Structures are given as C-alpha cells and as structure tokens.
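Okay, so here's the structure we're looking at.
Counting convention: from 1, in listed order, for ligands and their atoms alike. On a predicted model such as this, the values are computed, not experimentally measured, just so you know. Heavy-atom basis, side chains included; hydrogens, waters and symmetry copies ignored. Residue numbers start at 1 and run along the sequence shown.
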Amino acid sequence: MVKIVCRFWFFIITIVLVIQQLCDGKVMMEYIGATGKPVTFDGVPINDGIDFHFILSFAIDADAAGNRQNGKFTPYWTPSLTADSVAAVKSKHPNVKALASLSGWSLGSTTLRWYKPQNSQIWISNAFTSIKSIVETYHLDGIDIDYENFPKHNESFSYCIGELITYLKNQSVISVATIAPYRLTTIPYIQLFDAYGGVIDYVNHQFYTDKVKTTEAYLEDFRLRTEEFGREKVLPSYEVDGRGIQGDAFFDALQILEENGFEINGIMIYSADASGSTNSTAKFYYEQKSQEFLLNSSRI
Ligand SMILES: *[C@@H]1O[C@H](CO)[C@@H](O)[C@H](O)[C@H]1NC(C)=O
Ligand SMILES: *[C@@H]1O[C@H](CO)[C@@H](O)[C@H](O)[C@H]1NC(C)=O
Ligand SMILES: *[C@@H]1O[C@H](CO)[C@@H](O)[C@H](O)[C@H]1NC(C)=O
Ligand SMILES: CC(=O)N[C@H]1CO[C@H](CO)[C@@H](O)[C@@H]1O
C-alpha cells in the first residue's frame, strides 16, 4: 500500500514538473564578466516571469600564467562579480540563477584548448572538487561548457565533461548545465550531447558565429542546429554590438522562427559587458526586449 501511494505521488509530481516545464520555463541566459570591465548585476533588467540565468565568464582549468591544472578550476571573471553580489541579486530576484562558464577562448594572451587528461578519473575528480568549492563560494546553481578549441584527438572531451556534469548533478552540487558550441566546435559538442544529453538542460549555440545576418538565413541555421541538438534545448542567441544578425532584425527572426513552428524556450545574449557599456538609450535594450518577447510568446 505504501509503495502504491509513493508511486502515485511520484507520478503526480512528475506530471506537475513536466507541465511546469512546458508552460512557463522561459529562460534568459546572459553572459557576464568576460571582458574584465567592472560590470555588475545592477541595472540588468530582470523580469519576474523569466528564469534568468547569469553565466559568469569564466572558470578556467589553468593558473594565472595559463598553465594547465589537471582539472583544478579557478574563477577568472571580473572581480566586481563578488560572491556577495551573486547572493544579493539572487535574494532580490528568486527567479535568478547563476552559472559558471568553463574555459572560454583565452586567458590573457594564452589561447585555451581542451586537452586529453593523462588520467580521466583524476581530471574529473579534481574538476568536481574545485567546481564544488566555486559553486559554494559564489552561491552558483550550475555550469556552462564553453571550450572553444580542440586538439585532433578529443575523444575524452565527451567522457570527462559528461561524467563531470552527471556527478555534479547526482551530488546535488548543481541543478543546471548548459553547453555553448559555436560554428567550428559542433562535432565534439554533438558527441557530448549524444552521450550525455539527459543531463544537459540547454544548448547556448553561438548563432552569431554562423555568419547569418538575415532573418531567412537565421531560420535555416536554427533548423540545422535543432536537427543537431534537438528542438527543445537549443536557444536562439544574439551578440550585442557584435557578429551575426544585428538590431531589431533579431526580433524579426524570432518571430519568423515561431511562425515556422519553432517554440522559443529562451534566449541567450552575449553579453552584459557589452550591453552595459553602450550608450544610455541602448543600454540593456536586447535584454529588455528579449524578455518581453518571451513573455508575449508564452501567453499564446
Ligand atoms: C546518484 O548515483 C547513485 C549511483 O548511481 C544512485 O544510486 C543515486 O540514486 C543517484 N542520486 C541522484 C540524486 O540521482
Ligand atoms: C547610441 O546607440 C544607438 C543604438 O546603437 C546609436 O544609434 C546612437 O548613435 C548612439 N548614440 C551615441 C551618442 O553614441
Ligand atoms: C509584445 O506584445 C505587445 C502587445 O501585443 C507588443 O506591442 C510588443 O511589441 C510585443 N513585444 C515583443 C518584443 O514582441
Ligand atoms: C576522435 C574525435 O572525437 N575527433 C573529433 C575531435 O573534434 C573535431 C572537431 O573539432 C572532429 O572533427 C573530430 O572528429
């Protein structure tokens, strides 16, 4: 009898979670802290109806001189993003989550790349311990995977990163994991996603690297990326003052995606550093309008 009641509640809870995911679950992903500018969370518009994720950029498996540390990650995001400021923005906005993005393109003048660890188990264990400590210090909820350069033999990438995410989730260190492929790194990320997609919540594909500048090209590109990574998890993305589609054409593209049957579950923006430093009329315009778009489309 107890067993049946448990099963019943498990069933109900599962249904509720699935419905929640389908109904609201609109997410905003905002990279912050990569440029070294003294950027803060203050001033970033955060709508109550959106699951707002700040992605602190970056935590890196290297010392300050760029030497590999065998899986021991250190935070290198701008020092103005303090642990207290993460706690403050989360307590002011219960819908905010904070993630650490792993790696990024470079540290100072050193280009960062994935390397095959000598011993995968030791790398995973070091990564688990160092990331757990960063998560606890900075009150984080998850990690984003942003390795941007790969050696020829990268088989261990999928295994090491997939196991790391699995282990961090299993031990309840994190609740969210995202990946950030770009035009030239889709293959290793597809390998990771195919093997460990169950523990990956969203795909922050960097559409602005795909050289698409028109709404029509954006639609075709989105079609391609959702074929690679699945329709539910891929988020359209925008680079402020950057590459790819620019200005309000981005919102036209989102409209066209919806008209073509794609459900927009969230939007990724790179980055708060750029948005915060544009002139005052344009400041955080894309963050504001993206959230408005998501709320509009969730009302359908
Ligand atoms: C973590 O993994 C262990 C071993 O596979 C399993 O028994 C346990 O249920 C998992 N816990 C969670 C929260 O997934
Ligand atoms: C402010 O930004 C807008 C939009 O990017 C631009 O059109 C305008 O020229 C900028 N104004 C100044 C004073 O930089
Ligand atoms: C949201 O909907 C309102 C009302 O229909 C509309 O005026 C506004 O332009 C929409 N905003 C976006 C970003 O789609
Ligand atoms: C062995 C292996 O997985 N190699 C892949 C590494 O990643 C590149 C792309 O960056 C692929 O082309 C290889 O197939």
query = Do Asp61 and Trp123 have a side chain donor and acceptor closer than 3.5 Å?
reply = yes
request  = Decide whether an N or O pair under 3.5 Å exists between Asn296 and ligand 3.
outcome  = yes
Residue and atom name of the nearest protein heavy atom (relative to atom 5 (O) of ligand 1), distance in Å to one decimal = Asn170 ND2, 4.6 Å
ask   = Given the protein's heavy atoms, is any one of them under 4.0 Å from atom 14 (O) of ligand 1?
value = yes
task = Mark up the atoms of ligand 3 that fall under 4.0 Å of a heavy atom belonging to Phe293, in ascending order.
result = 13 (C), 14 (O)
task = Please determine, by modelled atom types, if Tyr202 and Asp144 share a side-chain donor-acceptor pair under 3.5 angstrom.
result = no
ask   = Is at least one protein non-hydrogen atom found at under 4.0 angstrom from atom 9 (O) of ligand 1?
value = no
query = Which atoms from ligand 3 have a heavy atom of Lys289 less than 4.0 Å away?
reply = 13 (C)
query = Do you see a donor-acceptor pair shorter than 3.5 Å between the side chains of Thr74 and Gln69?
reply = no
message = Check whether Tyr147 reaches the backbone of Leu112 with its side chain - one donor and one acceptor, N or O, closer than 3.5 Å.
response = no
task = Give a yes or no on whether a salt bridge exists between Asp248 and Lys289, defined as a side-chain N under 4.0 angstrom from a carboxylate O.
result = yes
